[in-house]
Amino acid sequence: MKHLTVLFAATAAALVAPDQAIKLDEQQPAVSPDLVQTWWDSTVSRSAKIFTKIEKGIEKATSEFDGYSFDGFDGFNSDSNLPPLPLHERKPHRGDKTKTIYELIKSNKYTTKFASLLDNEDFSDIKDLLDSSSHNKTLFVPTDKAFERIPHHGDKPPPKEFVLALLKYHIAPGLHTKVDLYHKHTLPSNLSLDTLGSRPQRLRISTGLLFSIRVNVISKIVYGNILAKNGIIHAIDHILIPPPSQEKIISLLPNTFSTFSLGLEKTELSVPDHKGGTLFAPTNSAWRRLGPRANAFLFSHHGLKYLEALLKYHFVVDQTLYSDAFYNSHKDEKAAVEDAEGGKYWHVDLETLLDDKAIAVDVKRWKGWVSIVLNGFTKVIFPDGIASDGVVQVVGKVLIPPHGHHGHAGEDDGKDIEVEELKARLERYVDRDEAGDL
């Protein structure tokens with residue numbers, strides 16, 4: 001269920017209170033993901049509850065998706081229809097269409113801290129953007145209470161570049177009402193990162209019980225559909241932080257990905273420099289499905305090269321596949337994005353690090369529902385883990401290259417597989433002189 005596919009991308013935030021004097025480092029020419037990464041490194045000990053909540057969400061999604069199915073192109077089974085939004089939420093009726101977004105948050109007593117941050121001369125471009133009527137935009141504005149949830153980072157102020165990136169990440173081009181968000185999975189923001197090839201960093205949208213809508217997992221829309229002359233405002237209860245890298249996400253969630261992390265450590269797998277990418281990350285329970293014999297072999301000295309080949313099959317570089325968008329550096333990206341955002345069904349073959357061996361991906365959508373299936377059978381159980389260098393799609397089975405060049409993997413792949421069969425599937429990708437014999 002869609003309300004269970006929550007809890008991944010990120011969390012509270014990293015700022016000093018903007019109603020105090022703020023001294024900021026000089027602006028950098030481009031947004032550097034290193035500053036965001038540094039914040040995540042420093043906040044781990046202060047955000048343990050957040051990461052625990054994320055892992056519980058994935059755990060719950062894992063169990064719920066065992067009975068998850070998609071019935072054709074016209075929708076899911078009759079028990080899985082999203083309830084319609086209440087009548088009072090379907091059409092924006094709040095706000096003042098004679099005022100700009102900036103004017104509305106400036107005059108509101110619940111958004112004074114965010115407004116005072118915009119008044120800082122270092123961020124005049126953001127203020128001008130929210131005050132301009134040339135284009136519509138959507139602002140997810142943190143309430144003053146949201147700033148009280150910020151982990152303390154000592155007396156050192158955040159760099160100007162980091163705060164600028166954070167402000168951009170709260171803005172999405174276009175006008176998106178709650179009805180629009182209710183049927184979306186991701187949304188492009190005004191923030192672009194080098195690690196995504198200067199493409200827009202996306203926001204993760206998820207729905208929950210009682211018609212609640214969350215942005216990037218933790219931030220809940222507490223008061224939405226506030227119309228302005230130049231767009232719309234949704235008030236949120238947590239600040240949005242640009243997400244960490246794929247590698248950092250995996251390391252922050254050991255209860256879910258410790259086996260995958262151990263494999264990367266033992267094989268010393270090096271992922272080449274890339275501009276975006278898709279990581280199909282198997283959970284610890286996915287590794288257990290392989291059976292004790294297969295795991296014992298893969299993590300033994302003789303099995304490490306087979307393990308390396310297996311891990312490579314989970315990495316796609318320069319192609320970032322979200323459930324409703326596709327950043328593709330390999331061909332006409334505009335056409336690829338239109339395919340991803342348009343139809344109820346679309347297919348793509350993603351080349352992996354394993355000698356360009358492809359993963360066949362089928363995406364089916366109906367209103368607010370999405371189903372992502374790999375190689376004909378393996379389901380993405382937790383979609384759209386937003387990362388600074390791409391996306392993490394969580395899978396409940398370890399992906400094993402299918403037989404032949406074009407075949408699909410079997411439905412029971414990833415469950416108690418025999419060591420000899422596993423070796424046979426990976427043999428062609430392994431240097432036997434280095435791997436040795438079992």
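The figures that follow rest on heavy atoms only: side chains count, while hydrogens, waters and symmetry mates do not. If you read the sequence from its start, that first residue is 1, and numbering goes on from there.
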Between Asp324 and His185, is the side chain to side chain donor-acceptor pair (under 3.5 Å) condition met? List the steps.
CA-CA 7 Å; Asp324 54 2; His185 306 283; 5.4 Å; no

- prompt: Please walk me through it: do Lys275 and Asp318 pass salt bridge (charged side-chain N to carboxylate O under 4.0 Å, His left out)?
  reply: CA-CA 5 Å; Lys275 299 296 184 181; Asp318 298 326; over 6 Å; no

Roughly how far, to the nearest 0.5 Å, is the [atom2] atom of [Y] from the [atom1] atom of [X]?
{"X": "Ser251", "Y": "Gln246", "atom1": "OG", "atom2": "CD", "result": "12.0 Å"}
{"X": "Thr320", "Y": "Leu279", "atom1": "OG1", "atom2": "CG", "result": "11.5 Å"}
{"X": "Ile226", "Y": "Asn108", "atom1": "CD1", "atom2": "CG", "result": "7.0 Å"}
{"X": "Asn230", "Y": "Leu130", "atom1": "CG", "atom2": "CG", "result": "7.5 Å"}
{"X": "Ile249", "Y": "Ile386", "atom1": "CD1", "atom2": "CD1", "result": "8.5 Å"}
{"X": "Glu148", "Y": "Thr143", "atom1": "CD", "atom2": "OG1", "result": "8.0 Å"}

Does the [X] side chain pair with the main chain of [Y], one donor and one acceptor, at a distance under 3.5 Å?
{"X": "Gln201", "Y": "Ser189", "value": "no"}
{"X": "Ser116", "Y": "Thr112", "value": "yes"}
{"X": "His176", "Y": "Pro173", "value": "yes"}
{"X": "Tyr169", "Y": "Arg202", "value": "yes"}
{"X": "Asn225", "Y": "Thr177", "value": "no"}
{"X": "Ser258", "Y": "Asn255", "value": "no"}
{"X": "Tyr313", "Y": "Ala358", "value": "yes"}
{"X": "Gln393", "Y": "Gly385", "value": "no"}
{"X": "His314", "Y": "Leu399", "value": "yes"}
{"X": "Ser107", "Y": "Leu104", "value": "yes"}

How close do [X] and [Y] get, counting heavy atoms only, and between which atoms?
{"X": "Ala286", "Y": "Gly396", "answer": "CB-O, 3.3 Å"}
{"X": "Lys184", "Y": "Leu187", "answer": "CD-CD1, 3.5 Å"}
{"X": "Asn136", "Y": "Gly231", "answer": "OD1-N, 3.5 Å"}
{"X": "Ser329", "Y": "Arg199", "answer": "OG-NH2, 2.6 Å"}
{"X": "Pro243", "Y": "Ser388", "answer": "O-CB, 3.3 Å"}
{"X": "Gly263", "Y": "Leu307", "answer": "CA-CD2, 3.9 Å"}

Item to complete: Examine Arg204 relative to Phe382 and say whether NZ or CZ is less than 6.0 Å from the centre of the six-membered ring and inside a 45° cone about the ring axis.
Response: yes

_Arg365 to Tyr345, cation-pi by 6.0 Å centre distance and 45° axis angle_ = no

- Query: Any chance the side chains of Ser323 and Asp384 put a donor and an acceptor closer than 3.5 Å?
  - Reply: yes

Exercise. Answer yes if the side chains of Asn284 and Thr256 hold a donor-acceptor pair under 3.5 Å, and no otherwise.
Key: no

Point to revise | Salt-bridge contact Lys106-Asp119 (side-chain N to carboxylate O under 4.0 Å) | key: yes

Pair Lys220 + Asp237: basic N to acidic O under 4.0 Å:
no

Using the ring of each side chain (for Trp, its six-membered ring), is Tyr322 parallel, tilted or perpendicular to Tyr327, with breaks at 30° and 60°? perpendicular

Which of parallel (below 30°), tilted (30 to 60°) and perpendicular (above 60°) describes Trp287 and Phe299?
perpendicular

Taking the side chain as every heavy atom from C-beta outward, state whether [X] and [Y] have any pair of such atoms under 4.5 Å apart.
{"X": "Val361", "Y": "Ile359", "answer": "yes"}
{"X": "His234", "Y": "Ile232", "answer": "yes"}
{"X": "Ile171", "Y": "Thr138", "answer": "no"}
{"X": "Leu350", "Y": "Val348", "answer": "yes"}
{"X": "Val394", "Y": "Phe280", "answer": "no"}
{"X": "Leu321", "Y": "Phe326", "answer": "yes"}
{"X": "Phe315", "Y": "Leu264", "answer": "yes"}
{"X": "Leu167", "Y": "Asn190", "answer": "no"}

task = Check step by step if side chain to side chain donor-acceptor pair (under 3.5 Å) holds for Thr100 and Asp131.
result = CA-CA 5 Å; Thr100 65; Asp131 207 27; 2.6 Å; yes

TODO: Give the intermediate values and the outcome of side chain to side chain contact (heavy atoms under 4.5 Å, CB included) for residues Ile105 and Ile233.
DONE: CA-CA 9 Å; Ile105 63 174; Ile233 303 169; 3.9 Å; yes

Given the rule in the side chain to side chain contact (heavy atoms under 4.5 Å, CB included) test, do Val317 and Asp273 qualify, once you have shown the distances and angles that lead to the verdict? CA-CA 8 Å; Val317 296; Asp273 291 338; over 6 Å; no

Using side chain to side chain donor-acceptor pair (under 3.5 Å), reason through Asp389 and Ser245 one step at a time and then give a plain yes or no. CA-CA 6 Å; Asp389 55 349; Ser245 66; 4.9 Å; no

>> Is the distance from the ring center of His170 to that of Phe140 below 6.0 Å?
In response: no

_Before you tell me yes or no, could you show the steps for Thr283 and Arg289 under side chain to side chain donor-acceptor pair (under 3.5 Å), namely the whole-Å CA-CA distance, both residues' side-chain angles and the distance that decides it to 0.1 Å?_
CA-CA 10 Å; Thr283 62; Arg289 288 174 65 97; over 6 Å; no

* For Asp349, does the CG atom sit with more than 12 other heavy atoms under 6.0 Å from it, leaving out its own atoms? -> yes

Q.
Taking atom NZ as the centre, does Lys99 end up with more than 12 heavy-atom neighbours from other residues, nucleotides or ligands that are less than 6.0 angstrom away?
A. no

Check the pair Tyr223 / Val141 against side chain to side chain contact (heavy atoms under 4.5 Å, CB included), numbers first and verdict last.
CA-CA 10 Å; Tyr223 199 79; Val141 60; over 6 Å; no

>> Between Leu164 and Leu166, does the side chain to side chain contact (heavy atoms under 4.5 Å, CB included) criterion hold? Intermediate values first, please.
In response: CA-CA 5 Å; Leu164 182 61; Leu166 182 142; over 6 Å; no

